[in-house]
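Take a look at the structure below.
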Amino acid sequence: MTIELNVLQTTGLAMLLFVLGRFIVNHVGFLRRCCIPAPVVGGLIFAIFHLVVHQTGLLTLTFDETLKNVFMIWFFTSVGYGASFKVLRRGAGPVLVFLLLATVMITMQNFVGVGFAQLFGLDDPRLGLCMGSIPLVGGHGTSGSFGPQFEAAGVAGAEVVAIACATYGLVSGSLMGGPIARAKIKKYGLHSSVKAEAVETVETVQEPSPAKDQGADSILKAFILLIIAAGIGTYINAYFDGKITLPTYMGAMIVALIIRNVSDWRKIELPMHAIDISGNVCLNIFLAIALMTLKLWELAALAVPMIVTLLVQTLIMFLFASFIVFRVMGRDYEAACMTTAFCGFGMGATSNAMANMQAVARRYGPSPSAYFMIPMVGGLFNDFFNAAIIALSIGLLS
């Protein structure tokens, strides 16, 4: 039996699963510590249920995923609004070095992914990108964007592989980062140069002030800005169509970046707190739909290549963070905190990076430089670089 869910039914079910996922995350400490998003938990539970009923021949569901792409684009548009060059200039040197290290890691992840895809004789080497920087540095958001694009281009199983790898990355990045930082701190006798009572100030330095930026009017303005940038961004994507493969959100991100920096230049205040909130809402809705609609039965034939590739990616991340990132960033306490954060967003998401740093800071003291740098690199500019490198990789493999 096959049941078709229309766009409203699909989104309504996704929201029920989000509520279920939030309940589970709130009551399971391991999921909270690893920063697993609630829609990922709820969506995966349903995807497993769908796998069982599909494989037993009881039921197959089809979904109208129209709103999934809309919310995905709005989320990445909110990321583009956060990319302020004015803020970047405050600590340009170390930020650029850290961004360069992240770019090297992105390239390495794609080399490993594509290399192992060819080693295992997979039909399309582009599937290796779905085991590279798309899910690891990019996380669920980038996976949910590129996966359907790859499948539309004939890469079977791309979305489910990318989402599965992104979920693995969230867990492994959280588990790996803390032990590396603690080992460096103990080995070299490192300590924070900031007094303990400054922890709260340091941890909240990157949070936008909501004092002038809250309420229904600000949320309305935020969605107006998101929708306008996304609409104009379609023309940028259309211009590059056929020339280079861009993620569907790239045009919107570029327009948002331009609007943000022109506003900074003209001293026009944008409702950034409301934009962040709106983007987070869009991300949760997008993830719930993306995870819920996974066809896990497509994963069986790719399980062994995927597992081996992810284990190698984990080993490379451990070695790169421990021996390269720590040394290049100064071999001090701040470098140890940057190292644990690098594991977080290099394998999962910026939220994992911040959680890793907070765990270290609570025990050993704050790290102001790391708290300034990580949200900027991991949460803002890294997505642009990752998308550009992925687009270049697709062009070389096509």
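Numbers for residues simply follow the sequence, beginning at 1.
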Item to complete: Run the numbers on Phe116 and Met131 for side-chain contact (heavy atoms from CB on, under 4.5 Å), then give the verdict.
Response: CA-CA 9 Å; Phe116 274 87; Met131 299 181 281; 5.8 Å; no
Is it the case that the side chain of [X] and the backbone of [Y] share a donor-acceptor pair, with hydrogens and angles ignored and the cut-off at 3.5 Å?
X: Asn261; Y: Ser84; answer: no
X: Glu334; Y: Ala370; answer: yes
X: Gln313; Y: Gln109; answer: yes
X: Asp64; Y: Thr10; answer: no
X: Asn110; Y: Gly132; answer: no

I need the minimum non-hydrogen distance between [X] and [Y], along with the two atoms involved.
X: Ala341; Y: Ala353; value: O-CB, 3.3 Å
X: Ala181; Y: Thr340; value: CB-CB, 3.7 Å
X: Gly139; Y: Ser143; value: O-OG, 2.8 Å

Worksheet item: Taking the six-membered ring for Trp, are the ring centroids of Phe342 and Phe345 within less than 6.0 Å of each other?
Response: yes
Worksheet item: Is the Tyr249-Phe76 ring centre distance short of 6.0 angstrom?
Response: yes
Worksheet item: Does the ring of Phe326 carry Lys184 above it, NZ/CZ under 6.0 angstrom from centre and within 45° of its axis?
Response: yes
Side chain to side chain, [X] and [Y], heavy atoms closer than 4.5 Å:
X: Ser263; Y: Glu269; result: no
X: Leu5; Y: Thr62; result: no
X: Ile106; Y: Phe111; result: no
X: Phe223; Y: Leu226; result: yes

Any chance you could measure [X], atom [atom1], to [Y], atom [atom2], to the nearest 0.5 Å?
X: Tyr81; Y: Thr77; atom1: OH; atom2: OG1; value: 7.5 Å
X: Leu270; Y: Ile259; atom1: CG; atom2: CD1; value: 8.0 Å
X: Leu283; Y: Asp276; atom1: CG; atom2: CG; value: 12.0 Å
X: Met373; Y: Leu96; atom1: CE; atom2: CG; value: 9.5 Å
X: Ile268; Y: Arg260; atom1: CD1; atom2: CZ; value: 12.5 Å
X: Met317; Y: Ser322; atom1: CE; atom2: OG; value: 12.0 Å

Worksheet item: So with a 6.0 Å cut-off around CZ of Phe120, is the heavy-atom count from everything else above 12?
Response: yes
Worksheet item: Should we count CG of Asp123 as having more than 12 external heavy atoms under 6.0 Å?
Response: no
Worksheet item: With under 30° as parallel and over 60° as perpendicular, where do the rings of Phe23 and His27 fit, or are they tilted in between?
Response: tilted
Can you list, pair by pair, the side-chain donor-acceptor contacts under 3.5 Å of residues 39-58, counting residues two or more places apart and other chains?
residue	atom	partner	partner atom	Å
His50	NE2	Leu61	N	3.0
Thr56	OG1	Val52	O	2.8
Thr56	OG1	Val53	O	3.3

